[in-house]
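The chain is numbered in sequence order, starting from 1.
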Amino acid sequence: YYGIGILSRFPISETRRVMLPLPEGAKEQRALLLAGIELPGGKGFTFVSTHLDHSSSAVRTVQVKALNRALAGIKSPVVVAGDFNAKPDSPEIAVGMRNVQTACTNDFTIPSSKPSSKIDYIFFAPAGRWRKTDAATPGVTLSDHLPLWAELELLF
């Protein structure tokens with residue numbers, strides 16, 4: 001019902017859905033969508049999209065722990081993006097996402113009409129396999145969130 005998706009100009013070799021925990025206090029079932037992205041030359045990476053529960057920091061912390069367990073099993077470089085429903089100084093971001101690097105700007109993303117908070121992110125790992133070359137928060141107001149954009153170079 002609250003679907004997540006991934007679009008890619010490069011072939012998607014595989015996809016996998018991982019259901020996130022639904023702890024007490026959670027409002028809706030949430031998930032991760034993982035996609036293997038094939039790059040020219042036979043190299044690739046994993047792209048992960050998610051939308052965490054909005055109900056509480058405690059619920060999101062449980063979901064971020066599940067996200068990190070899913071990431072631990074991935075051997076390729078990874079990009080994780082989505083609506084985390086959490087501010088940068090929240091435990092689920094400041095502590096839960098400390099093992100990944102941020103690719104996005106620190107610009108506010110919600111509400112799109114007059115942004116006053118940041119809850120959307122693009123992360124990457126491992127740090128030594130990626131180089132961030134550009135990032136922006138375009139002022140496109142087709143959603144209640146502003147979009148994030150990052151340009152990353154995968155180092156081989």
> Which atoms form the tightest heavy-atom contact between Phe10 and Ser8, and what is the distance?
Replying inline: O-OG, 2.8 Å

>> For a quick check under 3.5 Å, do Ser76 and Thr46 share a side-chain donor-acceptor pair by atom type?
In response: yes

> Is the CG atom of Leu7 crowded by more than 12 outside heavy atoms at less than 6.0 Å?
Replying inline: no

> Is there a side-chain contact between Val48 and Leu67 (heavy atoms, below 4.5 Å)?
Replying inline: yes

>> Looking at every heavy atom in both Leu33 and Ile6, which two are closest together, and how far apart are they?
In response: O-CD1, 3.6 Å

>> For Val64 and Leu52: C-alpha separation, side-chain torsions, deciding distance, then whether side-chain contact (heavy atoms from CB on, under 4.5 Å) applies.
In response: CA-CA 8 Å; Val64 166; Leu52 301 185; 3.6 Å; yes

> Do the side chains of Phe124 and Val78 get nearer than 4.5 Å, heavy atoms only?
Replying inline: no

> Is it true that a side-chain atom of Lys118 and a backbone atom of Asp120 form a donor plus acceptor pair closer than 3.5 Å?
Replying inline: yes

> Between Thr133 and Glu153, does any side-chain donor sit less than 3.5 Å from a side-chain acceptor?
Replying inline: no

>> side-chain contact (heavy atoms from CB on, under 4.5 Å) for Ile119 and Thr109? Distances and angles first, verdict last.
In response: CA-CA 7 Å; Ile119 62 172; Thr109 58; 4.3 Å; yes

>> Nearest 0.5 angstrom please: Ser49 OG to Arg17 CZ, how far?
In response: 13.5 Å

> Considering all heavy atoms of both residues, which atom of Lys27 and which atom of Asp53 are nearest to each other, and what is their separation?
Replying inline: N-OD2, 2.9 Å

> Any idea which heavy atoms bring Ser117 and Lys87 closest together, and the distance?
Replying inline: OG-CE, 3.2 Å

> Going through the distances and angles, do Glu28 and Arg30 end up as a salt bridge (charged side-chain N to carboxylate O under 4.0 Å, His left out)?
Replying inline: CA-CA 6 Å; Glu28 301 163 340; Arg30 301 298 178 137; 2.6 Å; yes

> Between atom SG of Cys104 and atom CZ of Phe123, what is the distance when rounded to the nearest 0.5 Å?
Replying inline: 6.5 Å

> What do the steps show when you test Leu148 against Leu146 for side-chain contact (heavy atoms from CB on, under 4.5 Å), and what is the final call?
Replying inline: CA-CA 7 Å; Leu148 295 174; Leu146 291 176; over 6 Å; no

> Out of curiosity, Asn106 CG to Thr137 OG1, how far, rounded to the nearest 0.5 Å?
Replying inline: 8.5 Å

> At their closest point, which heavy atom of Ser112 faces which heavy atom of Pro115, and how far apart are they?
Replying inline: O-CD, 3.8 Å

> Do the non-hydrogen side-chain atoms of Thr102 and Ile122 ever get within less than 4.5 Å of each other?
Replying inline: no

> Would a distance-only check, ignoring hydrogens and angles, find a side-chain to backbone donor-acceptor pair under 3.5 Å from Arg60 to Asn85?
Replying inline: yes

>> Quick test of your reading: applying side chain to side chain donor-acceptor pair (under 3.5 Å), list the pairs with at least one residue in residues 34-45, sequence neighbours left out, ordered by first then second residue.
In response: none

>> Within the 4.5 Å heavy-atom criterion, are Ile93 and Tyr121 side-chain neighbours or not?
In response: yes

>> Between Val80 and Leu71, is there a side-chain heavy-atom distance shorter than 4.5 Å?
In response: yes

> Between Ala103 and Lys132, which heavy-atom pair has the shortest distance, and what is it?
Replying inline: O-CD, 3.2 Å

> Would you say the side chain of Leu155 lies within less than 4.5 Å of the side chain of Trp130, judging by non-hydrogen atoms?
Replying inline: no

>> Is there a continuous path of hydrophobic side-chain contacts, each under 4.5 Å between heavy atoms, that joins Ile12 to Leu152?
In response: yes

>> Using 0.5 Å steps for rounding, measure from the CD atom of Gln101 to the CZ atom of Arg129.
In response: 14.5 Å

> At what distance, to the nearest 0.5 angstrom, does OG1 of Thr15 lie from CG of Leu34?
Replying inline: 9.0 Å

> Counting only N and O atoms by type, is there a donor-acceptor contact under 3.5 Å from the side chain of Gln29 to the main-chain atoms of Leu20?
Replying inline: yes

>> Test side-chain contact (heavy atoms from CB on, under 4.5 Å) on Val59 and Thr61; report intermediate values, then the result.
In response: CA-CA 5 Å; Val59 167; Thr61 297; over 6 Å; no

> Are any non-hydrogen side-chain atoms of Phe108 and Ile110 less than 4.5 angstrom apart?
Replying inline: no

> For the residue pair Phe47 and Phe45, does the interplanar ring angle fall in the parallel (under 30°), tilted (30 to 60°) or perpendicular (over 60°) class?
Replying inline: perpendicular

